[in-house]
Amino acid sequence: ANEVSENAVGDAGNITIKADNLKVVGGSQVYSGTSGFGNAGNLTVNANNIVLTGESPSKDFPGGLFSQVTTKGTGRSGNVTINTKIVNISNGSGVQSSTFGNGNAGNLFVNANEINVFNDLKANNFYDTSIYAGVGFDPNNAGSPILAKRNAGDITINTDRLSLRNGGTVSSDTRGLGNAGNVNIN
């Protein structure tokens with residue numbers, strides 16, 4: 001994790017991962033974000049195979065790869081770029097550039113031979129299994145009066161095969177006061 005803490009000022013750093021295989025399981029996260037005053041960093045992953053599966057056992061947070069502005073943050077979330085042969089995203093995990101606070105979401109780029117976004121048939125996720133660039137609200141704090149007042153990012157996917165099953169999604173939307181981004185699948 002790389003984060004600007006609540007009430008702190010400054011930008012979070014970028015995260016770059018180069019690996020043959022990357023596995024993020026059970027609600028684990030690779031995360032660059034801001035809860036203070038500053039921008040979240042960019043997240044870049046270059047790996048042959050990527051597996052993202054599961055949310056936290058307490059269902060407090062999803063697992064996966066994230067650049068994010070939290071409900072207490074002011075700033076822009078970074079871009080997320082994934083370059084891989086195959087990526088499997090399942091059971092409450094996601095790839096996300098999002099804002100829940102005061103700032104625009106970054107853009108999301110996925111370059112892969114094969115992309116699978118799915119839930120097992122018996123999965124009981126609290127969080128969406130998704131590739132997401134958007135303006136959201138915190139589902140653990142749904143009664144909060146805070147609505148993000150910015151724009152969602154664009155999603156660009158370059159792939160030979162994209163499979164969405166059992167509730168898996170690709171989306172750029174706004175659940176606040178701003179514009180949704182574009183989704184481009186090539």
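- Here the CZ atom belonging to R76 is positioned 13.0 Å from the CG atom belonging to N151, to the nearest 0.5 angstrom.
- With sequence neighbours left out, the side chain to side chain contact (heavy atoms under 4.5 Å, CB included) criterion links T129 to I89, V117, N119, N125.
- Pairing each heavy atom of A133 with each of A152, the nearest pair is O-CB, 3.6 Å.
- When side chains are defined from C-beta on, I86 counts as touching N116, because their heavy atoms get closer than 4.5 Å.
- For the pair F66 and P62, the tightest heavy-atom approach, listed with the atom from each and the gap, is CZ-CG, 3.7 Å.
- Listed for the T34 side chain is no donor-acceptor partner under 3.5 Å among the backbone atoms of A40.
- Identified under the salt bridge (Lys or Arg N to Asp or Glu O under 4.0 Å) test for residues 44-57, with sequence neighbours left out: E55-K59.
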Check: residues 43-53 side-chain donor-acceptor pairs under 3.5 Å, at least two apart:
unit_1, atom_1, unit_2, atom_2, d
N46, OD1, N83, ND2, 2.8
N48, ND2, D20, OD1, 2.3
N49, ND2, N21, OD1, 3.0
T53, OG1, S90, OG, 2.8

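- Note that the CG atom of N79 and the OG atom of S32 stand 11.0 Å from one another [nearest 0.5 Å].
- The hydrophobic cluster containing I82 also contains I185, counting ILVMFWY residues as joined when their side-chain heavy atoms lie under 4.5 angstrom apart, directly or transitively.
- Cluster membership for I131 and V24, using ILVMFWY side-chain heavy atoms within less than 4.5 angstrom, is shared.
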### Task
Please report the C-alpha distance between I157 and V183 in whole Å, then the side-chain angles of each, then the deciding distance to 0.1 Å, and finally whether the side-chain contact (heavy atoms from CB on, under 4.5 Å) criterion is met.
CA-CA 8 Å; I157 295 175; V183 176; 5.6 Å; no
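- Residues satisfying the side chain to side chain contact (heavy atoms under 4.5 Å, CB included) criterion with N186, sequence neighbours excluded, are T156, N158.
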### Task
Decide yes or no on side chain to side chain donor-acceptor pair (under 3.5 Å) for R161 and N113, but give the supporting numbers first.
CA-CA 6 Å; R161 181 176 183 268; N113 295 341; over 6 Å; no
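- To the nearest 0.5 Å, the span separating NZ on K122 from CG on N166 amounts to 13.0 Å.
- With hydrophobic clusters built from ILVMFWY side chains whose heavy atoms lie under 4.5 angstrom apart, I115 shares a cluster with L22.
- Cluster partners of V9, using a side-chain heavy-atom cutoff of under 4.5 Å among ILVMFWY residues and allowing indirect links, are F37.
- Partners of D11 by side chain to side chain contact (heavy atoms under 4.5 Å, CB included), not counting sequence neighbours, listed by chain and number: N39.
- By the salt bridge (charged side-chain N to carboxylate O under 4.0 Å, His left out) test, D173 pairs with R175, sequence neighbours left out.
- The hydrophobic cluster of F118 has no other members, since no ILVMFWY side-chain heavy atom comes under 4.5 Å of it.
- In terms of modelled atom types and a separation under 3.5 Å, the side chain of N91 and the main chain of D120 share a donor-acceptor contact.
- Annotation: side chain to side chain donor-acceptor pair (under 3.5 Å) contacts of S163 (sequence neighbours excluded): R165.
- Y127 contributes no side-chain N or O that, together with a main-chain N or O of G54, makes up a donor-acceptor pair within less than 3.5 Å.
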### Message
I'd like to know whether S97 forms a side chain to side chain donor-acceptor pair (under 3.5 Å) with S77, so could you lay out the CA-CA distance, the side-chain angles of the two residues, the decisive distance to 0.1 Å, and finally the verdict.
### Response
CA-CA 6 Å; S97 180; S77 67; 3.1 Å; yes
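- Cluster annotation: F61 and I15 are assigned to distinct hydrophobic clusters (Ile/Leu/Val/Met/Phe/Trp/Tyr, side-chain heavy-atom contacts under 4.5 Å, transitive).
- Counting all heavy atoms, side chain and backbone alike, G64 lies closest to S93 at N-OG, 4.1 Å.
- Residues meeting the side chain to side chain donor-acceptor pair (under 3.5 Å) test with T159, sequence neighbours left out: none.
- Partner V95 forms a side chain to side chain contact (heavy atoms under 4.5 Å, CB included) with one of V170, V80, T81 and no other, that one being V80.
- The main-chain N or O of N107 is never found under 3.5 Å from a side-chain atom of D154 such that the two would form a donor-acceptor pair.
- For the side chain to side chain contact (heavy atoms under 4.5 Å, CB included) test, residues two or more places apart in sequence or in another chain that qualify with E3 are Y31, S35, T70.
- When hydrophobic clusters are built by joining Ile, Leu, Val, Met, Phe, Trp and Tyr residues whose side-chain heavy atoms come closer than 4.5 Å, directly or via intermediates, I17 is grouped together with L108.
- The minimum heavy-atom distance linking S58 with D60 is given by the pair OG-OD2, 3.0 Å.
- Under the side-chain hydrogen bond (donor to acceptor under 3.5 Å, both in side chains) test applied with R150, the options T74, N102, T99, N179 reduce to a single match, N102.
- In this view, D128 satisfies the side chain to side chain donor-acceptor pair (under 3.5 Å) rule with no residue, not counting sequence neighbours.
- The OG1 atom of T84 sits 10.0 Å away from the CD atom of E114 when rounded to the nearest 0.5 Å.
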